[in-house]
Amino acid sequence: MPSLKMNQSVKDALITITICGVTVLSIFLTGATAVAITTIGKDLHFKQTELEWPINIYTLSYGCLLLLLGRIADIIGSKKMFLIGSAWFSLWSVAAALAPNAWTFILFFAFQGIGSAANTPAGIAMISSYFPPGKAKNRAFSILGAGQPIGYIVGLILGGILAQSSISWRAIYGLQAGFGLVFCVLGWMVLPEDQAEKRYSKGLDWVGALLSTGGLGLLVYDLGESITAPKGWATPFIPSLLGTSFLILGAFVWWELRREAKGQSVLLPMSMFTAPGTRIAPVILVVLFGWWGFNTISYFLSLYLQQVVLASPLQTALRLIPLGVSGLLTNLVTGYLIAVVPGQILVLIGLASCLASAIVFALINVNASYWAMTFIVTITVPVLDIAYTVGNMQVCLSFDGNSQALAGSMFGVATRLGTSLGLAVSSSVANSVSQKFNLMPEHASLSATDPQVLVVGFRAAGWVCVGALGLAVVIAVFGLRGIGLVGQQAKEDKRTTALELGTVASGDEGNVSVNTESAQFPHSPASDSQTQVDIPAPEKDGKLEFGMQEKAN
């Protein structure tokens, strides 16, 4: 692999740009396609019921393969998986730009989802392992979080412009492929090399991979179908598939517990959920319910502008620009606050802001000006990105150095399931409330797509989000106590060479104990072993003897 000779700060910047850039492309895809899908549908002769399938199939392939590809990244190396995933994503972006009909376009989106599922957790793993605790790591994670709203808004704007121009919507995916290729080449040149000794060495749990992929895939598919099914949740196959997915996922949990107890390879170590100090369970629940509210409000806000306010796709994108600006500023500020403000406080600030946006949306007045209510929603909802940075770092810190890609996968699954569950439940409630409103005698003359009918359902969806975010607040208050400063810089003690190996703690009988289990070496992956260095108190003759005891995990 070639390497560029450059100073450390430039290399750090290029690594951050490469990893975050690929992440931006993944969310850019959904934003651009959401606003251009009507034009795409006309050119490729989509049926009306097929218009939602490109994003749905992308979400399906992405969501169900995250855990599997994350674990494979830990086995073969994060850099290899990142480059493979990015190249794969770019290849099928070119294919999407050249798609001749509806079903090939949908198929190519499924393949793009595989690429995103491969490079996203691998990228998170490299950020977590490469940067030492402190400003550099905090900044990298905050930029990663900023990529989410920025990518979506840029996708909306460019998608709206290109879809309505003579250039054609196909340029969206050509542009996406070009940037993907640039980031892939840049990553090949600047990303740190994989170290064999830092990889997960127990192998792949194939049964666990099959169960997790099948269970998650079926669950994401079922939640997506519940929105478009003729009778919603009352459609017979919807609850049947839901129950089946729960059974498969239950079998997955049982299988992983069984293998972990025997010391065998696992796809997901279930002991992490109960390990003292990790707070994995409450963090995942906060993320799930938080992203339920965040993405549902974002989705219905776009529908509100287009179907109730009757703004064009481009006008809608312009009205949503404050959302991207607010998200960018939030993440930049978070990069500094995460080292001085306890993680629980930051998460609660993000949840409170998103909760406020949900309440405003639930009370939205069609006759009010954009600045009176809609603008407030756009600038308050992305503040939840604070929780993205805090939660992502907390999950990564809770996993061993040889499972950092798996940690990124786990966080991604939580956001994906939260989004799917939120849209499924909120859409079902919105449709039901709108139908009941439309059946009232005084509203019988209105069509089902009349703005007066739709806005009633949208408000109901807002109240559903209020409930989900309120639950997330309760979980954060009681479940995240004591997580401390997630972005705190490791203290350095340079009194002796041995003390530079780790953090200093008081020992027994006058000894000093140095624990390097959590020690982070600058710009190197986290260690997979625990080294205990015992430094006896000086003898009377002034001599000091050092002894090292290696304890394998």
Side-chain angles (χ1 to χ4, degrees), residues 124 127-128 131 133-135 137-146 148-149 271-295 297 326-327 329-359 380-399 404 407-408 410-415 417-418 422 465-491 503 518 520:
I124 293 174
I127 286 180
S128 179
F131 291 102
K135 293 180 179 179
K137 176 174 285 191
N138 298 345
R139 182 167 55 248
F141 268 104
S142 65
I143 293 174
L144 185 67
Q148 305 297 309
S271 60
M272 293 302 303
F273 290 95
T274 56
T278 61
R279 305 292 197 281
I280 289 292
V283 166
I284 293 301
L285 289 175
V286 166
V287 169
L288 189 147
F289 288 110
W291 261 252
W292 171 322
F294 174 78
N295 283 311
I297 290 295
S326 176
L329 294 176
T330 294
N331 282 280
L332 292 178
V333 173
T334 302
Y336 294 96
L337 293 181
I338 200 169
V340 295
V341 179
Q344 183 189 36
I345 301 299
L346 291 176
V347 170
L348 287 173
I349 291 173
L351 289 172
S353 181
C354 194
L355 179 60
S357 72
I359 293 173
T380 52
V381 68
V383 178
L384 184 65
D385 269 353
I386 295 176
Y388 181 93
T389 303
V390 174
N392 215 340
M393 291 186 69
Q394 178 66 22
V395 170
C396 287
L397 288 171
S398 301
F399 276 76
Q404 291 297 294
M410 191 173 175
F411 191 86
V413 168
T415 60
L417 287 181
C465 292
V466 169
L469 289 163
L471 183 56
V473 169
V474 173
I475 295 172
V477 168
F478 294 99
L480 299 185
R481 288 180 296 180
I483 65 171
L485 300 176
V486 177
Q488 186 174 23
Q489 186 168 358
K491 296 181 180 179
T503 56
S518 59
Q520 296 286 341

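In this chain, residues are counted from 1 in sequence order.
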Test log, rule side chain to side chain contact (heavy atoms under 4.5 Å, CB included), inputs Met393 and Asn138: CA-CA 9 Å; Met393 291 186 69; Asn138 298 345; 3.3 Å; yes
Heavy-atom pair with the smallest gap, counting every atom of Val383 and Ser326: CG2-OG, 4.2 Å
Minimum-distance pair of heavy atoms, taken over all atoms of Cys396 and Ala407: CA-CB, 4.0 Å
Residue list, side-chain hydrogen bond (donor to acceptor under 3.5 Å, both in side chains) with Asn295, at least two apart or on another chain: Thr419
Spacing of Met410 atom CE and Asn392 atom CG [to the nearest 0.5 Å]: 12.0 Å
Residue pair Phe141 / Ser128, side-chain heavy-atom distance below 4.5 Å: yes
Any donor-acceptor pair under 3.5 Å from Gln404 side chain to Ile124 backbone: no
Flag, side chain of Ser142 to backbone of Arg139, donor-acceptor distance under 3.5 Å: yes
Ring geometry between Phe411 and Tyr388 (parallel below 30°, tilted from 30 to 60°, perpendicular above 60°): perpendicular
Test side chain to side chain contact (heavy atoms under 4.5 Å, CB included) applied to Phe294 and Val381, step by step: CA-CA 6 Å; Phe294 174 78; Val381 68; 3.9 Å; yes
CD1-CG distance between Ile349 and Leu384, expressed to the nearest 0.5 angstrom: 12.0 Å
Separation of Ser353 OG from Ile386 CD1 (nearest 0.5 Å): 7.5 Å
Minimum heavy-atom distance Leu351-Ala472, with the two atoms named: CD1-O, 3.6 Å
Leu417 and Trp291, any side-chain heavy atoms less than 4.5 Å apart: no
Side-chain heavy atoms of Asp385 within contact of Pro149, under 4.5 Å: yes
Criterion side chain to side chain contact (heavy atoms under 4.5 Å, CB included) against Leu480, the qualifying member of Leu348, Val347, Leu346: Val347
Note, Ile297 side chain near Cys354 side chain (heavy atom, < 4.5 Å): no
Contact check, side chains of Pro342 and Leu485, non-hydrogen atoms, under 4.5 Å: yes
Which atom pairs, one a donor and one an acceptor, fall under 3.5 Å between side chains of residues 279-289 and the rest of the protein, sequence neighbours left out?
residue	atom	partner	partner atom	Å
Arg279	NE	Arg481	O	3.1
Arg279	NH2	Arg481	O	2.5

Distance in Å, Leu355 CG paired with Leu471 CG, rounded so as to fall on 0.5 Å steps: 11.5 Å
